[in-house]
Number of protein chains: 2
Amino acid sequence: MQNSFTEENYLKIIHALSGRDGLEVSTNALAESTSTRAASVTDMLRKLAEKGLIHYKKYQGVRLTESGEKVAINVIRKHRLWEVFLVEKLGFGWDEVHDIAEELEHIPSDHLVERLDSFLGHPRFDPHGDPIPDAKGNLTEPDYLILTDVEIGEKVRMMGVLDHAPSFLQHLDRAGITLGCILEIKEINEYDKSASVQIEDKQTLFISLEVSKNLLVQRR
Amino acid sequence: MQNSFTEENYLKIIHALSGRDGLEVSTNALAESTSTRAASVTDMLRKLAEKGLIHYKKYQGVRLTESGEKVAINVIRKHRLWEVFLVEKLGFGWDEVHDIAEELEHIPSDHLVERLDSFLGHPRFDPHGDPIPDAKGNLTEPDYLILTDVEIGEKVRMMGVLDHAPSFLQHLDRAGITLGCILEIKEINEYDKSASVQIEDKQTLFISLEVSKNLLVQRR
DNA sequence: AAAAAAATTTAGACCAACCTAAAAATTGAT
DNA sequence: ATCAATTTTTAGGTTGGTCTAAATTTTTTT
Ligand SMILES: [Mn+2]
Ligand SMILES: [Mn+2]
Ligand SMILES: [Mn+2]
Ligand SMILES: [Mn+2]
């Protein structure tokens, strides 16, 4: 029995919401993320439980089973590989690829995914810095810092984003903040908690707290 | 209002069945091609007519409108471009790509198609020799001959296939008949109407009538 | 021109994925 | 511990795309 487009999306979202410790996900949270109503989510949860893809007890929230986890991670693998393709091969900006990948991730051919992966040179990360699961379904989240946790004077490398919204990514483009670039925190401005950040040893600019909260970085 | 996956498939199939002169297509023919029942086809035709995509009068068969033709040709463009991608970039065989392209053809981004087209170098033909419509929707079917219409002694170039079934394409692979290769009809065998054909000035082999009927070629 | 055969449409139903409104269970506050 | 607020589920309905069976129209044969 094949999983539908919609089922795959639910599984992917349950995976995202349950975080790295596989916490229980609530019906309302799913309704929010899927842009549907709680009643519709309940219907779908019954079906996914029926198929053995989630652990579900009424009123108790939901977790992925082994097999649900496998499906979810495979969808994530496809999503991120296609994003790499769109950026690296077709020249899209990192702010343009999410919605297209949201469709491509449901194309159902293992053969296709493996060939795409090798065509792309087995990339480890997608254009937003998110790790790409391997063919066996291993997904290791690197533990990056959030820019707000970095001390004044430290130099860090920009490794990823928490917010994937086009408007956020475009804002980073305008600021010259790209994946891999070096950032140095010069000071934290008392007034609005913004950070003065020097980018690639060149210009220094104000980064709002809102932005800092969404930047993943690594000490070096 | 967007067209669904299913609607696009109907339009594409109506296009294919109505041929180059835009003949009327019957309900039963569509049921056959869509692997559904005539009753289901009738339902869908009412909907497509509602949306202005087809000309449909009860019991009278169906033709595409201008706007239906545009949609159909765009789906065909996407199908064939993705097939080129799968063969040229991912290394699939020409016998493996149809089903995957059948899914990819419904990914709805004009931006994506145009970038894919230029990534592929604006190919004119797909891996089966079928012409790829341009971005404006112009589709010109080259007028090839069928191998059965070629006289003994003539040399022709192999330009395409009528049957796209994997088993047929694999049979051609085993025979060494590839797109662009030169074929010379040595004789027609009385017994089974098979043709003795010399391939690329090398080995000569028997080509059954069944196969000959499905090979498109060009005089040279 | 009638009857028979074939093609097509209508009627009535099903399933997936959604909805609203109402009922039930859980959580949290006093 | 009770009551109120919140969350979740159930009940009943809609839409898209499909089905079977029956009715209707068209085509073919006699
Ligand atoms: Mn994405
Ligand atoms: Mn991404
Ligand atoms: Mn298709
Ligand atoms: Mn093709």
Side-chain angles (χ1 to χ4, degrees), chain A residues 1-15 17-19 23-64 68 71-72 75 102-103 105-108, chain B residues 1-15 17-19 23-64 68 71-72 75 102-103 105-108:
Chain A
M1 208 187 300
Q2 261 282 84
N3 304 307
S4 72
F5 188 106
T6 310
E7 288 166 341
E8 288 190 349
N9 278 336
Y10 270 86
L11 295 172
K12 194 181 59 153
I13 291 170
I14 293 168
H15 177 90
L17 293 179
S18 66
L23 301 171
E24 244 100 61
V25 177
S26 77
T27 300
N28 269 355
L30 283 168
E32 169 79 26
S33 289
T34 55
S35 301
T36 63
R37 299 316 184 102
S40 310
V41 172
T42 301
D43 285 349
M44 181 56 77
L45 294 184
R46 286 207 320 107
K47 198 190 343 169
L48 294 173
E50 200 83 13
K51 292 177 99 174
L53 295 165
I54 58 174
H55 295 292
Y56 171 56
K57 285 200 295 291
K58 281 205 269 186
Y59 295 100
Q60 301 309 126
V62 74
R63 279 181 310 109
L64 295 176
V71 175
V75 175
E102 205 59 37
E103 309 276 333
E105 72 188 6
H106 303 290
I107 302 288
Chain B
M1 210 186 301
Q2 262 281 83
N3 302 307
S4 72
F5 189 105
T6 311
E7 287 167 341
E8 288 189 350
N9 279 336
Y10 270 87
L11 295 172
K12 195 180 60 153
I13 290 170
I14 294 167
H15 177 91
L17 294 179
S18 67
L23 301 171
E24 246 100 61
V25 177
S26 78
T27 300
N28 269 355
L30 283 169
E32 168 81 24
S33 289
T34 55
S35 302
T36 63
R37 300 318 185 98
S40 311
V41 172
T42 302
D43 287 347
M44 180 56 77
L45 295 183
R46 289 208 316 109
K47 195 187 351 166
L48 293 173
E50 199 82 14
K51 292 177 99 173
L53 295 166
I54 58 175
H55 295 292
Y56 170 58
K57 286 200 296 289
K58 280 204 270 187
Y59 297 99
Q60 300 309 126
V62 73
R63 281 181 308 108
L64 294 175
V71 175
V75 175
E102 204 59 40
E103 310 275 333
E105 72 189 3
H106 304 289
I107 303 285

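Each chain gets a letter, A, B and so on, in the order the sequences are listed, and its residues count up from 1. Below, each value reflects all heavy atoms present in this structure, side chains not excepted, and no hydrogens, waters or symmetry copies.
- Protein atom CG of Asp43(B) is 14 Å distant from nucleotide atom P of dG12(C), rounded to whole Å.
- Across the protein-nucleic acid pair, Tyr56(B) atom OH and dT10(C) atom P stand 6 Å apart, rounded to whole Å.
- Under the 4.5 Å side-chain criterion, counting only non-hydrogen atoms from C-beta, Gln60(A) is not in contact with Glu24(A).
- Atom OH in Tyr59(A) sits about 17 Å away from atom P in dT6(D), given to the nearest Å.
- Ser40(B) places no side-chain N or O within 3.5 Å of a backbone atom of Thr36(B) that could act as its donor or acceptor partner.
- The CE atom of Met44(A) sits 12.5 Å away from atom CD of Glu50(A), with the distance rounded to the nearest 0.5 Å.
- For the pair Glu103(A)/Phe5(A), a side-chain contact is recorded, criterion being any heavy-atom separation below 4.5 Å from C-beta on.
- Using a 4.0 Å heavy-atom cutoff across all strands shown, Thr42(A) reaches at least one base atom of the nucleic acid.
- Side-chain contact between His55(B) and Val62(B) is absent, with no heavy atoms from C-beta onward closer than 4.5 Å.
- Distance, Arg37(A) CZ to dA11(D) C1': 17 Å, rounded to whole Å.
- In this structure, the CG atom of Leu45(B) is 14 Å from the C1' atom of dT18(D), given to the nearest Å.
- Note: CD (Gln60(B)) to P (dT26(D)) measures 7 Å, nearest angstrom.
- Along DNA chain C, the nucleotide closest to Ser35(A) and the one closest to Ser26(B) are compared, and the more 5′ of them pairs with Ser26(B).
- Between Lys58(A) and Ser40(A), the residue whose closest nucleotide on DNA chain C is further toward the 5' end is Ser40(A).
- The separation between Leu30(A) atom CG and dT9(D) atom P is 10 Å, rounded to whole Å.
- Contact annotation: Asn28(B) does not reach the phosphate of dA6(C) (side-chain N/O to OP1 or OP2, under 4.0 Å).
- Using a 4.0 Å heavy-atom cutoff across all strands shown, Tyr10(B) reaches sugar-phosphate atoms only and no base atom.
- When the P atom of dC15(C) is taken as reference, atom CE of Met44(A) falls 16 Å away, rounded to whole Å.
- Contacts of Thr27(B) with the nucleic acid, taken as non-hydrogen atoms under 4.0 Å apart, involve only primed sugar atoms and P, OP1 or OP2.
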